[in-house]
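Notes follow the structure.
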Amino acid sequence: MKDILTICNKCGGDACYEQHLGENYKIQLCYGCGFTTNSLMTLGSEFLQEQLETLPELYKDLVVEDSNGQHWMPSYTKIVDKGMIFANGKDASNWEWTAVKAVPIPKEEMDRFPEGSTYKMDMGNAQNYNEFDYMDALDYIGAFNLENT
Ligand SMILES: [Zn+2]
């Protein structure tokens with residue numbers, strides 16, 4: 001298994017995180033455009049078909065095919081103790097990234113969460129980012145701060 005940064009086939013940026021999880025399987029997540037794909041997301045594949053049936057409408061609208069026939073969709077990131085980032089909006093021409101920070105669950109609310117939970121997503125601090133500012137959204141939730149994990 002090796003993780004590398006490559007050129008993104010969707011946006012052309014150079015911050016596409018590529019993860020090889022087996023002989024013929026890799027996942028790509030671009031920190032530039034926030035889109036993701038994997039080896040199974042090719043035209044006509046069963047996996048892609050399934051995705052297209054279960055994805056939220058906006059995500060479906062935003063799926064694009066690159067020059068290699070790979071289909072890219074917006075990522076949905078959730079890091080329990082940091083926060084989450086998802087595509088949010090009416091349609092493909094009118095959407096943004098929404099980043100929500102995780103906060104420690106106050107003691108008095110503990111009983112409303114599954115046992116062992118320590119963080120909750122605090123919608124009160126949600127921030128919206130332009131579609132090309134995915135990196136800023138990652139930064140906002142502290143996805144790059146690994147020292148306290
Ligand atoms: Zn990209």
Side-chain angles (χ1 to χ4, degrees), residues 1-105 113-114 117-149:
M1 188 165 107
K2 58 175 183 163
D3 301 344
I4 44 172
L5 282 176
T6 59
I7 302 292
C8 171
N9 267 333
K10 177 185 178 282
C11 72
D14 60 2
C16 187
Y17 180 75
E18 192 172 292
Q19 216 179 355
H20 291 253
L21 299 174
E23 192 78 349
N24 297 311
Y25 186 60
K26 68 176 181 190
I27 295 175
Q28 287 166 287
L29 169 63
C30 177
Y31 292 145
C33 62
F35 276 59
T36 183
T37 189
N38 66 52
S39 309
L40 301 176
M41 289 183 62
T42 52
L43 186 64
S45 80
E46 215 170 290
F47 181 85
L48 182 65
Q49 203 51 46
E50 266 175 37
Q51 293 290 306
L52 290 175
E53 278 162 23
T54 55
L55 284 171
E57 285 304 318
L58 175 65
Y59 275 66
K60 279 183 215 173
D61 281 354
L62 289 169
V63 169
V64 292
E65 185 177 6
D66 71 17
S67 52
N68 296 332
Q70 283 294 130
H71 289 241
W72 294 74
M73 64 178 183
S75 57
Y76 174 88
T77 298
K78 186 172 180 182
I79 309 171
V80 175
D81 61 347
K82 294 189 184 300
M84 59 184 183
I85 303 171
F86 53 93
N88 193 8
K90 278 207 287 287
D91 54 54
S93 59
N94 188 4
W95 68 280
E96 290 177 309
W97 294 108
T98 295
V100 179
K101 269 187 193 173
V103 295
I105 301 172
F113 293 89
S117 306
T118 46
Y119 284 85
K120 66 168 183 176
M121 297 299 159
D122 182 1
M123 296 309 286
N125 63 40
Q127 287 265 14
N128 290 326
Y129 292 88
N130 182 280
E131 66 173 292
F132 303 110
D133 293 334
Y134 185 72
M135 198 88 84
D136 292 340
L138 282 171
D139 203 33
Y140 176 67
I141 67 165
F144 298 119
N145 305 337
L146 299 173
E147 65 271 21
N148 51 10
T149 56

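Start at 1 and go down the list; that is how both ligands and their atoms are numbered.
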> To the nearest 0.5 Å, how far apart are CE in Met73 and NZ in Lys10?
Replying inline: 13.0 Å
> What protein atoms of element N, O or S are positioned under 2.8 Å from the Zn ion (ligand 1)?
Replying inline: Cys8 SG, Cys11 SG, Cys30 SG, Cys33 SG
> Quick one: are Ile105 and Lys120 in side-chain contact, heavy atoms under 4.5 Å?
Replying inline: yes
> With side chains defined as the heavy atoms from C-beta onward, is the minimum distance between Met135 and Tyr129 less than 4.5 Å?
Replying inline: no
> Would you find more than 12 non-hydrogen atoms of other residues, nucleotides or ligands less than 6.0 Å from Glu46 atom CD?
Replying inline: no
> More than 12 non-hydrogen atoms from neighbouring residues, nucleotides or ligands closer than 6.0 Å to NZ on Lys60, yes or no?
Replying inline: yes
Would you give me the side-chain donor-acceptor pairs under 3.5 Å for residues 26-41, sequence neighbours excluded?
from, atom 1, to, atom 2, distance (Å)
Gln28, NE2, Glu18, OE1, 3.3
Thr36, OG1, Gln28, O, 2.8
Thr37, OG1, Gln70, NE2, 3.0
Thr37, OG1, His71, O, 2.6
Asn38, OD1, Leu40, N, 2.8
Asn38, OD1, Met41, N, 3.4
Ser39, OG, Asn24, O, 3.4
Ser39, OG, Lys26, N, 2.7
Ser39, OG, Lys26, O, 3.3

